[in-house]
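These notes concern the structure reproduced below.
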Amino acid sequence: MILAVTMNPSVDISYPIHEFKLDDVNRVETVRKTAGGKGLNVARVVAQMEEEVLATGVLGGTTGEYISQELNKSHIHNGFLRIDRESRNCIAILHDGKQTEILESGPTLTADEGAAFLEKYESLLANVSLVTISGSLPKGLQMNFYQQMLEISQEKGIPVIVDSSGESLRQVLIHEEKPIAIKPNTAELSQLLGIEVENQIGSLQEALANDLFQGIEWVVVSMGGDGAFIKHRGDHYRVTIPKINVVNPVGSGDATVAGLAVALSRNQSVETVLKTAMTTGMLNTMEAGTGYIDLAKFSQFFDLVEVTKI
Ligand code: ADP
């Protein structure tokens with residue numbers, strides 16, 4: 001079973017408004033609410049790939065209850081730490097061809113709640129073969145919190161994929177216990193290294209030679225419609241994908257992580273791992289919902305992905 005962690009999940013609310021009026025009343029007829037957060041997108045896509053998945057993290061209040069009910073409706077097992085404050089809402093106002101977002105930061109966790117989560121995490125690992133950790137850390141937790149989770153998993157020999165950015169990712173990279181894989185996009189890679197990384201092989205190779213990536217088996221740099229560039233052990237791969245009809249690209253990185261997790265937990269070949277991750281990313285862009293794929297289209301698009309060793 002794959003364990004998908006989201007420490008700061010949300011209810012994502014989208015308000016389509018034909019003409020958005022500032023400083024005035026805007027009425028909304030069609031409200032769409034989904035259980036959001038990067039790790040929940042991962043969990044949904046893993047489930048759609050017909051692999052067993054368990055979602056965990058921290059939930060609170062009626063917002064948290066809603067998230068848990070939505071996961072139950074999608075038949076996704078979930079075991080979250082419950083706290084007495086509300087989980088967050090994230091609002092996207094879709095207006096005039098634009099998207100204006102209002103993102104709550106979510107509850108601030110206490111040190112005790114952090115410790116309680118780590119205990120829960122350790123107990124959940126009993127039936128797990130691989131972990132994914134996605135997204136930002138809630139306020140209140142130490143920046144090396146993901147590192148602490150890695151140490152616990154490593155003791156049990158369970159590999160972890162980390163898809164985070166900024167300081168929480170840097171902390172993961174500078175310590176001895178390494179994730180099996182990370183999946184930055186080029187913007188996240190540039191931010192991490194403090195240089196402008198371009199979608200070109202030379203620039204990517206140079207970036208991934210940085211000591212920060214030593215000892216990480218898979219560094220998958222996703223590049224949207226341009227596919228991905230990968231460092232696997234000492235080898236580099238360029239993966240190209242076909243032109244497709246993009247409906248909604250939000251969550252493609254999470255779907256890529258899900259594909260990576262599924263293929264790695266099935267012990268597949270390097271080529272199949274990379275093609276699977278690209279295919280789940282692409283399939284997500286072809287659906288209106290975030291963190292959804294149509295498995296019926298999988299093999300058709302899988303066959304169109306090309307992996308070249310550099
Ligand atoms: P993130 O959401 O983390 O920024 P990307 O945008 O790089 O991630 O997307 C992850 C993967 O999803 C890509 O490597 C690709 O397989 C697929 N994907 C994303 N955007 C597109 C697109 N416009 N056309 C085709 N595939 C896409």
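Positions are given from 1 along the sequence. What you see is a predicted model, and the numbers here were worked out from it, not measured in a lab. Counting starts at 1 for both ligands and their atoms, in listed order.
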Glu177 and Met149, any side-chain heavy atoms less than 4.5 Å apart
no
For a distance cut-off of 3.5 Å, show me each N or O of ligand 1 paired with any protein N or O, plus the separation.
unit_1, atom_1, unit_2, atom_2, d
ligand 1, 2 (O), Gly253, N, 3.1
ligand 1, 3 (O), Lys183, NZ, 3.1
ligand 1, 4 (O), Asn185, ND2, 2.9
ligand 1, 7 (O), Ser222, OG, 2.7
ligand 1, 7 (O), Met223, N, 3.4
ligand 1, 7 (O), Gly224, N, 2.8
ligand 1, 8 (O), Ser222, OG, 3.3
ligand 1, 14 (O), Gly227, O, 3.0
ligand 1, 16 (O), Met278, O, 3.3

Does a donor on one side chain and an acceptor on the other come within less than 3.5 Å for Lys139 and Ser105?
yes
Looking only at the side chains, is there a donor atom on one of Glu86 and Thr62 sitting less than 3.5 Å from an acceptor on the other?
yes
Under 3.5 Å, is there a donor on one side chain and an acceptor on the other for Arg44 and Thr34?
no
Mark yes when over 12 heavy atoms from residues, nucleotides or ligands other than Gln205 sit less than 6.0 Å from its CD; otherwise mark no.
yes
Pairs touching residues 14-26 that satisfy side-chain hydrogen bond (donor to acceptor under 3.5 Å, both in side chains), sequence neighbours left out
none
